[in-house]
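In what follows, a single structure is set out as structure tokens and then discussed.
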Amino acid sequence: MKSNYEWKGNHAMTSQSLMNTAYTKLRERIVSGSLMPGTLLSENELAEELQMSRTPIRNAITHLESEGFVVSLKNRGVLVKEVSGKEMLDMYEAMMSLLVYAIDVKNERNNSIDMKRLEECLERQFEAERAEDYFTYIQNTLLFNRVIVSSINNHAMIAIMDAYVDKIAMASYINYKLTPHIKHYSANKLNKSIYDALLAGNDEEARQIVKDAYVYVRGRVFDNGRF
């Protein structure tokens, strides 16, 4: 017969597992745009759909709220939040700054960028465009940036980038769905230019391309009325 301590430990583990399941499923739906910003979620409905009690649902929502994906509204439910134009630009500027810094110091530290992985990311971006698979395209665009930052082995910087990836992917994909009249997939040309400059050993050109990219994205955000 199991002791109470063991039972409590297993029970806690089960509750944690259920919370993780609920969190993962809800986060995936939000990031992929299946649950659009402005959608109101009900704890009761989610519990019924996922076949679990409200406790793990509530804990998952608390986690998502701490990450800025949702906000709880008293007596109304849980609202899926929009990523504002300002928030998007702030995250993108931070990411571009990490890229510029990584390119700046990699030679000083005798580090090198994994050009094969960069090329693979580029190939997947172009394949995704041909397949009209925007979500895969944006994921590999962000992975391209991560490969560059990873080259200097700064785990804190990688963690910062990883914290932004899903929100940027979410905002980009939703913008894609809402603005079909606007030309997308612009990062294919951008990343190809960065890749070519790095491959040629022209770090200064690569840095300038990254800086110019932020100016371009900022202009697009303003032109689209996101502020």
Side-chain angles (χ1 to χ4, degrees), residues 23-24 27-28 31-32 63-64 66-69 83-129 133-173 175-176 184-221:
Y23 165 79
T24 299
R27 198 176 195 276
E28 285 176 351
V31 172
S32 69
H63 193 175
L64 289 166
S66 71
E67 294 179 331
F69 285 104
V83 177
S84 70
K86 178 64 166 64
E87 185 179 4
M88 179 69 170
L89 271 183
D90 286 351
M91 290 188 294
Y92 190 75
E93 184 174 22
M95 185 176 291
M96 295 297 99
S97 298
L98 294 176
L99 258 67
V100 169
Y101 181 78
I103 294 169
D104 268 340
V105 303
K106 67 180 179 65
N107 291 329
E108 297 172 11
R109 301 182 182 182
N110 201 28
N111 293 337
S112 60
I113 296 171
D114 189 337
M115 298 304 294
K116 181 173 173 49
R117 286 193 67 199
L118 279 190
E119 185 179 17
E120 289 170 354
C121 291
L122 272 179
E123 289 175 354
R124 287 195 292 266
Q125 284 179 229
F126 285 109
E127 287 172 5
E129 180 178 15
D133 182 355
Y134 190 82
F135 198 71
T136 298
Y137 151 79
I138 199 65
Q139 286 179 316
N140 281 285
T141 296
L142 296 170
L143 182 57
F144 180 97
N145 296 336
R146 193 183 192 278
V147 170
I148 295 175
V149 174
S150 297
S151 68
I152 62 172
N153 298 317
N154 185 314
H155 297 296
M157 290 173 64
I158 294 170
I160 291 171
M161 176 168 279
D162 287 346
Y164 297 152
V165 162
D166 280 348
K167 274 196 172 182
I168 292 176
M170 168 191 167
S172 299
Y173 188 61
N175 181 61
Y176 168 77
H184 295 279
Y185 300 99
S186 57
N188 284 345
K189 182 178 179 181
L190 166 65
N191 287 356
K192 180 64 164 60
S193 298
I194 296 171
Y195 173 83
D196 288 343
L198 291 172
L199 190 63
N202 195 336
D203 290 353
E204 179 55 40
E205 181 182 351
R207 284 194 296 268
Q208 192 58 52
I209 291 169
V210 172
K211 292 176 182 178
D212 291 344
Y214 172 73
V215 175
Y216 171 74
V217 169
R218 182 179 174 84
R220 281 191 63 172
V221 169

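Throughout, numbering of the chain's residues begins at 1 and tracks the sequence.
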From CG (Leu118) to NZ (Lys116), nearest 0.5 Å: 11.5 Å
Met88 to Val83 - nearest heavy-atom pair and separation: N-CG1, 4.0 Å
Heavy-atom pair of closest approach, residues Ala102 and Ile152: O-CG2, 3.7 Å
Heavy-atom side-chain proximity of Thr136 to Glu127 below 4.5 angstrom: no
Residue pair Tyr134 / Glu129, side-chain heavy-atom distance below 4.5 Å: no
Side chain to side chain, Asn191 and Asn145, heavy atoms closer than 4.5 Å: yes
Distance, nearest 0.5 Å, that separates CG of Asn153 from NZ of Lys106: 13.5 Å
Lys/Arg-Asp/Glu bridge criterion (N-O < 4.0 Å) met for Glu204, Arg207: yes
Crowding at NZ, Lys192 (>12 non-hydrogen neighbours, <6.0 Å): no
Exercise: identify the closest heavy-atom pair between Ile194 and Ala206: O-CB, 4.4 Å
Residue of the set Tyr176, Phe144, Tyr185, Phe126 for which ring-ring contact (aromatic ring centres under 6.0 Å, His included) holds with Tyr137: Tyr185
Stepwise side-chain contact (heavy atoms from CB on, under 4.5 Å) check, Asn202 with Asp196: CA-CA 9 Å; Asn202 195 336; Asp196 288 343; over 6 Å; no
Side chain to side chain, Tyr216 and Ser186, heavy atoms closer than 4.5 Å: yes
Donor-acceptor contact present, side-chain Ser151 to main-chain Ile148, <3.5 Å: yes
Exercise: identify the closest heavy-atom pair between Leu198 and Met115: CB-CE, 4.0 Å
Inter-residue atom distance Met91.CE - Ile160.CD1, 0.5 Å rounding: 13.5 Å
Heavy-atom check, side chain of Val31 versus side chain of Phe135, under 4.5 Å: yes
Distance, nearest 0.5 Å, that separates CG of Leu99 from CD1 of Ile209: 11.5 Å
Pair Arg27 + Glu67, salt bridge at N-O below 4.0 Å: yes
Point-to-point distance, once rounded to the nearest 0.5 Å, from CE of Met161 to OG of Ser150: 8.0 Å
side-chain contact (heavy atoms from CB on, under 4.5 Å) between Tyr214 and Leu89, intermediate numbers included: CA-CA 8 Å; Tyr214 172 73; Leu89 271 183; 3.9 Å; yes
Test item: side-chain donor near acceptor, Asn140 and Gln125, under 3.5 Å: no
Min side-chain heavy-atom separation Arg117-Leu143 under 4.5 Å: yes
Evaluation steps, side-chain contact (heavy atoms from CB on, under 4.5 Å), between Val149 and Met95: CA-CA 9 Å; Val149 174; Met95 185 176 291; over 6 Å; no
Arg146 versus Ile158, closest heavy-atom pair with distance: NH2-CG2, 3.0 Å
Euclidean distance, Met170 CE relative to Ile138 CD1, rounded to 0.5 Å: 13.5 Å
Non-neighbouring partners of His63 that pass ring-ring contact (aromatic ring centres under 6.0 Å, His included), sequence neighbours left out: Tyr23
Closest approach of Tyr92 to Leu190 (non-hydrogen atoms, all atoms of both residues): OH-CD2, 4.0 Å
Verdict with reasoning, Tyr195 to Cys121, per side-chain contact (heavy atoms from CB on, under 4.5 Å): CA-CA 10 Å; Tyr195 173 83; Cys121 291; over 6 Å; no
